[in-house]
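The structure appears right after this line, and notes come after that.
Hydrogens, waters and symmetry mates play no part in the numbers below; they use all other heavy atoms, side chains included.
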Amino acid sequence: MPVKYRPSGATAWRDGRTENISRSGVLFRTDQPISPKTRIEFLIALPEEVGGRADAVICLGRVVRTEPPKLDDPRPAVAATIAGYRTPNSLNHTDPQTTDPRRI
């Protein structure tokens with residue numbers, strides 16, 4: 001799935017493509033990787049099959065590692081936690097395990 005991301009506080013969004021996503025984190029490929037420990041915001045459009053309707057999720061997290069390009073994709077990967085999220089018309093949600101500053 002496409003993903004838009006930016007370092008927290010930045011105004012310009014960057015483009016990427018998710019490779020793997022779970023409840024606690026996301027791995028995405030991009031031409032503009034960012035350094036580990038950087039706090040980020042990312043925007044993922046959920047397919048209707050997942051959310052019951054087409055909607056976007058705005059996530060907050062922190063980069064935990066980067067990975068080198070693969071043979072079939074020349075872009076490096078960024079792995080980030082999902083410390084909290086919200087939809088444009090909902091309250092914020094946070095996971096106590098991932099909002100612990102020792103984990104993000």
For this session: Can you measure from SG (Cys59) to CD1 (Ile82) and round to the nearest 0.5 angstrom?
Result: 4.5 Å

Exercise. Are the side chain of Thr30 and the backbone of Pro33 linked by a donor-acceptor contact shorter than 3.5 Å?
Worked result: no

For this session: Please answer: with hydrophobic residues joined when any side-chain heavy atoms are less than 4.5 Å apart, are Leu27 and Ile34 in the same cluster?
Result: no

Under 3.5 Å, side-chain donor or acceptor atoms of residues 10-17 against the rest of the protein: list the pairs with distances, not counting sequence neighbours.
{"unit_1": "Arg14", "atom_1": "NH1", "unit_2": "Gln32", "atom_2": "O", "d": "3.4"}
{"unit_1": "Asp15", "atom_1": "OD1", "unit_2": "Lys4", "atom_2": "NZ", "d": "2.6"}

Exercise. Rounded to the nearest 0.5 Å, what separation is found between the OG1 atom of Thr38 and the OH atom of Tyr5?
Worked result: 10.5 Å

Seminar exercise, completed: Shortest non-hydrogen pair, Tyr85 vs Val57, comes out as CB-CG1, 3.7 Å

Exercise. So which pairs with a foot in residues 25-38 pass salt bridge (charged side-chain N to carboxylate O under 4.0 Å, His left out), sequence neighbours left out?
Worked result: Glu19-Arg29

For this session: Any pair with a residue in residues 55-75 that passes ring pair (Phe, Tyr, Trp, His ring centres under 6.0 Å), sequence neighbours left out, goes on the list, sorted by first then second residue, please.
Result: none

For this session: Please tell me if the side chains of Ile40 and Val63 come closer than 4.5 Å, counting only heavy atoms from C-beta onward.
Result: yes

Exercise. Are the side chains of Ile21 and Ile44 in touch, meaning some heavy atoms are under 4.5 Å apart?
Worked result: yes

For this session: Mind checking salt bridge (charged side-chain N to carboxylate O under 4.0 Å, His left out) for Glu41 and listing every partner two or more places apart, or none if nothing turns up?
Result: Arg6

Problem set entry | Set of ring pair (Phe, Tyr, Trp, His ring centres under 6.0 Å) partners for Phe42, sequence neighbours left out | none

Exercise. Hey, is the main chain of Arg62 close enough, under 3.5 Å, to the side chain of Thr81 for a donor-acceptor pair?
Worked result: yes

